[in-house]
Amino acid sequence: MGVDWYGDLDEAVGEVLLDSDTIQRRVRELGAEITRDYRGKTPHLIGILKGASIFHADLVRAINLGVSIDFIAVGSYGGSTKTSGEVRILKDLDESLAGRDVLLVEDILDTGLTLHYLLQNLESRGPKSLRVVALLNKPSRREIQVAADYIGFDIPDHFVVGYGLDFNQRYRNLPNISILKLGGAQKP
Ligand code: IMP
Ligand code: MG
């Protein structure tokens with residue numbers, strides 16, 4: 001038996017911000033928009049592990065075009081959970097980006113430091129085009145000027161979990177996106 005993750009769910013997971021139906025509806029809309037915008041092309045959808053894995057899996061199935069997929073995993077330097085701005089690649093892409101229409105799939109755009117780094121890094125690999133789709137956006141938290149081309153939802157400054165988003169690697173499997181209720185000191 002593994003760890004009992006569910007015993008304290010009620011305690012740690014608070015108000016539902018976006019329920020599963022709302023998320024699924026919006027993902028289908030994003031897929032339709034991307035399908036229109038990329039007509040005649042075969043976009044290459046790169047999921048940023050692990051947070052975007054669930055969104056990526058749903059989004060690719062909402063796109064009515066030939067697509068290819070890849071994944072990249074990043075982490076920030078330093079022991080703190082707070083984003084330091086120094087990003088390192090933990091798992092690199094399998095394939096080259098040269099000449100491809102790349103769509104980077106992110107779970108949440110917060111300070112923007114991760115995305116800023118990744119965009120510079122991926123741009124240097126010579127894609128034909130490079131755009132970003134982020135499921136969630138916290139505009140009030142931005143520390144660096146960076147924007148996504150497609151955004152699922154703008155949300156207020158709450159730490160949220162579910163639908164791929166974690167707190168200490170937990171709660172990624174929740175179908176809803178909810179506000180974390182733990183004490184402020186434990187939040188990143
Ligand atoms: P940024 O570099 O500050 O934009 O950080 C983005 C990353 O921080 C995301 O990909 C998430 O992994 C994480 N993150 C930021 N806000 C939240 C949140 O509310 N819940 C879960 N993870 C978050
Ligand atoms: Mg994370």
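The figures here come from the full heavy-atom set of this structure, side chains too, leaving out hydrogens, waters and symmetry mates. Fair warning: this is a prediction, and the values are worked out from it, not measured in the lab. All ligand and atom numbering here is 1-based and tracks the order in the structure.
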Please tell me if the side chains of K50 and F71 come closer than 4.5 Å, counting only heavy atoms from C-beta onward.
-> no
I155 side chain reached by I108 side chain, heavy atoms, under 4.5 Å | yes
Provide the number and element of each atom of ligand 1 under 4.0 Å from a heavy atom of H158.
-> 19 (O)
Do L135 and I177 come close enough that some side-chain heavy atom pair is under 4.5 Å?
-> yes
Considering only heavy atoms, does D166 approach ligand 1 within less than 4.0 Å through its side chain, its backbone, both, or neither?
-> backbone
Does some non-hydrogen atom of G112 fall short of 4.0 Å from ligand 1?
-> yes
Answer yes if L136 and V16 sit in the same cluster of Ile, Leu, Val, Met, Phe, Trp and Tyr residues linked by side chain heavy atoms under 4.5 Å apart, and no otherwise.
-> no
Can R125 and D92 be counted as an ion pair, charged N to O under 4.0 angstrom?
-> yes
Should you measure from each heavy atom of D107, which atoms of ligand 1 turn up under 4.0 Å away?
-> 9 (C), 10 (O), 11 (C), 12 (O)
Quick one: are L65 and P43 in side-chain contact, heavy atoms under 4.5 Å?
-> yes
Would you say L115 contacts ligand 1, with heavy atoms under 4.0 Å as the rule?
-> no
At a 4.0 Å cut-off, with the gap strictly under it, does some heavy atom of V161 reach an atom of ligand 1?
-> no
E143: heavy atom below 4.0 Å from ligand 1, yes or no?
-> no
Would you tell me which option among I48, V160, I144 has the nearest heavy-atom contact to atom 21 (C) of ligand 1?
-> V160
Under a 4.0 Å heavy-atom limit, does E106 contact ligand 1 with its side chain, its backbone, both, or neither?
-> side chain
Does L165 approach ligand 1 within less than 4.0 angstrom via side chain, backbone, both or neither, non-hydrogen atoms only?
-> side chain
Partners of L30 by side-chain contact (heavy atoms from CB on, under 4.5 Å), sequence neighbours excluded?
-> R26, E33, F55, L59, V133, Y150
Does a side chain donor of either R142 or Q145 reach within less than 3.5 Å of an acceptor in the other side chain?
-> no
Assess K138 for proximity to ligand 1: is some non-hydrogen atom of it under 4.0 Å away?
-> yes
